[in-house]
Visitor: 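Got a structure for you, questions after.
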Amino acid sequence: MRCLNAQTRTAGAVRGPNAPIRAAASYRSVVAPSASPVTRCESVSVSHNVRRRVALAAQAPATPTGAHPPRPNESTGKFISRTEVPAFIFRDDMMDQLFQWSNIEAGESGFRNFGMPMTVDPMYDGPDGALWGFNIGIFKDGVKLTTLSVGFDFEVISKAEWVGRNDEGFPTMEGNVESVTGKMMEIWKADQKPVTEDLRKTIRNYCQGLVGSLNRYYAFGSVFVDDERG
């Protein structure tokens with residue numbers, strides 16, 4: 001999925017036009033680079049998704065409605081990918097948009113877009129019960145094959161009010177410093193069962209679609225911008 005190089009406007013923070021757009025790390029193990037080419041996920045118009053986001057937000061519970069499975073780790077699941085999220089990004093807004101995008105593209109049209117039917121379940125395990133990730137269930141013939149866990153980690157990083165330069169010209173963190181939870185965005189397979197080629201292709205298709213939505217968020221502040229038409 002190509003990376004956009006445009007002036008970034010995300011949640012009130014501005015990234016210069018020459019700053020690189022960070023995409024998720026290359027897929028490992030589950031998503032093999034030698035697999036067959038990926039069909040690009042369909043673009044959705046901004047006006048359509050504005051209406052859809054309002055409808056989905058009205059349906060979403062304000063607080064957690066039940067227990068969710070614990071996050072996978074190296075002993076219970078299989079790591080797929082991670083990328084570091086800049087400190088100035090508002091985690092709650094970013095995760096809300098990625099969750100809504102996944103609801104539309106995977107939860108409603110998973111078979112058409114990625115090759116298999118999917119479900120999307122939120123995980124409210126962030127600070128103060130915030131939406132901190134979601135689980136993607138992947139099915140075939142009514143049987144769940146696996147679950148992908150998408151979300152922030154819980155590492156705490158520091159965010160400075162602004163970046164200055166010292167006498168030698170190197171950047172320094174200046175102004176008020178605050179703590180931000182969630183250094184990395186991670187994708188895990190929630191089990192260690194072997195995968196078929198069809199399942200591997202579906203996982204790869206979804207992950208590449210997610211990377212594309214993340215790039216649009218970094219570039220435009222919204223995952224619902226059509227990057228072909230601007």
Side-chain angles (χ1 to χ4, degrees), residues 4 7-15 19 21-25 44 46 49-72 81-108 119-136 147-163 173 175-188 190 206-207 209-225:
L4 301 175
Q7 186 169 0
T8 302
R9 186 179 68 256
T10 304
V14 176
R15 182 191 292 268
I21 304 298
R22 297 181 63 96
V44 184
V46 178
N49 282 289
V50 168
R51 294 193 297 271
R52 297 305 303 275
R53 289 188 64 203
V54 171
L56 287 170
Q59 298 171 9
T63 56
T65 56
H68 52 74
R71 298 289 185 96
S81 178
R82 70 166 54 96
T83 184
E84 184 173 348
V85 180
F88 65 82
I89 297 292
F90 290 109
R91 268 60 177 165
D92 55 350
D93 179 70
M94 178 178 174
M95 184 55 64
D96 176 70
Q97 292 202 33
L98 293 176
F99 173 64
Q100 303 293 359
W101 177 87
S102 292
N103 259 317
I104 295 169
E105 297 296 323
E108 297 182 6
T119 58
V120 184
D121 298 304
M123 293 190 294
Y124 295 95
D125 56 354
D128 300 321
L131 176 65
W132 214 240
F134 46 89
N135 289 323
I136 304 290
T147 298
L148 301 182
S149 177
V150 180
F152 296 121
D153 66 7
F154 299 94
E155 184 174 347
V156 178
I157 58 177
S158 297
K159 179 178 73 172
E161 192 172 4
W162 66 82
V163 178
M173 301 296 106
N176 297 327
V177 177
E178 60 181 281
S179 297
V180 176
T181 303
K183 178 180 180 180
M184 310 293 289
M185 166 76 75
E186 299 183 334
I187 307 174
W188 287 75
Y206 171 76
C207 289
L210 185 67
V211 169
S213 68
L214 184 61
N215 285 336
R216 290 192 295 275
Y217 185 84
Y218 283 160
F220 304 111
S222 172
V223 303
F224 299 105
V225 173

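Computed from a prediction, not measured in an experiment: that's the story for all the values here.
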Visitor: Please report the shortest heavy-atom distance between I136 and S102, naming the atom on each side.
Guide: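 Taking I136 first and S102 second, the nearest heavy atoms are CD1-CB, 4.2 Å.
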
Visitor: Which heavy atom of F134 sits nearest to which heavy atom of M123, and what is that distance?
Guide: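 That would be N-CE, 3.5 Å.
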
Visitor: Verify side-chain contact (heavy atoms from CB on, under 4.5 Å) between M94 and V85, making sure each step is shown before the conclusion.
Guide: CA-CA 10 Å; M94 178 178 174; V85 180; 3.9 Å; yes

Visitor: With rounding to the nearest 0.5 Å, note down the distance linking CD in E105 to CG in L98.
Guide: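 Reported value, rounded in 0.5 Å steps: 12.0 Å.
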
Visitor: When rounded to the nearest 0.5 angstrom, what distance separates OG1 in T119 from CD in E108?
Guide: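 Reported to 0.5 Å precision, the distance equals 12.5 Å.
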
Visitor: Judged by atom type as modelled, is there a donor-acceptor pair below 3.5 Å linking the side chain of Q97 to the main-chain atoms of G221?
Guide: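 Pair found, side chain donor or acceptor close to backbone of G221.
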
Visitor: Taking all atoms of both residues into account, what is the closest heavy-atom pair of F99 and D121, and its distance?
Guide: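 Minimum heavy-atom contact is CE1-C, 4.4 Å.
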
Visitor: Which heavy-atom pair separates V223 from R216 by the least distance, and what is that distance?
Guide: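 Closest pair (atom of V223, atom of R216, distance): O-NE, 3.0 Å.
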
Visitor: So do the side chains of V225 and Y217 get within less than 4.5 Å of each other, counting heavy atoms only?
Guide: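 When only atoms from C-beta onward are counted, Y217 and V225 do not touch, as no gap falls below 4.5 Å.
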
Visitor: Find out whether S213 and F224 are in side-chain contact, i.e. whether some heavy atom of one side chain is under 4.5 Å from a heavy atom of the other.
Guide: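 No - every pair of side-chain heavy atoms lies 4.5 Å or more apart.
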
Visitor: Checking side-chain contact (heavy atoms from CB on, under 4.5 Å) for the pair N135/V150: CA distance, chi angles, key distance, verdict?
Guide: CA-CA 6 Å; N135 289 323; V150 180; over 6 Å; no

Visitor: In a table with atom names and distances, give each donor-acceptor pair under 3.5 Å that connects a side chain of residues 178-187 to protein atoms at least two apart or in another chain.
Guide:
residue	atom	partner	partner atom	Å
E186	OE1	W188	NE1	3.1
E186	OE2	R82	NE	3.0
E186	OE2	R82	NH2	3.1

Visitor: Considering all heavy atoms of both residues, which atom of S158 and which atom of A87 are nearest to each other, and what is their separation?
Guide: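 Minimum heavy-atom separation between S158 and A87: O-CB, 4.0 Å.
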
Visitor: Roughly how far apart are L214 CG and I89 CD1, rounded to 0.5 Å?
Guide: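 The CD1 atom of I89 is 8.5 Å from CG of L214, to the nearest 0.5 Å.
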
Visitor: In terms of side-chain geometry, is the basic nitrogen of R71 or D125 positioned less than 4.0 Å from the acidic oxygen of its partner?
Guide: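 Looking at R71 and D125, the cut-off is met.
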
Visitor: Give me the ring orientation class for F154 and W132: parallel if the planes are under 30° apart, tilted from 30 to 60°, perpendicular past 60°.
Guide: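 Taking W132 first and then F154, their aromatic rings lie parallel (interplane angle under 30°).
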
Visitor: Looking at M95 and L131, what are the two nearest heavy atoms and their distance?
Guide: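 Closest approach of M95 to L131: CG-O, 3.5 Å.
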
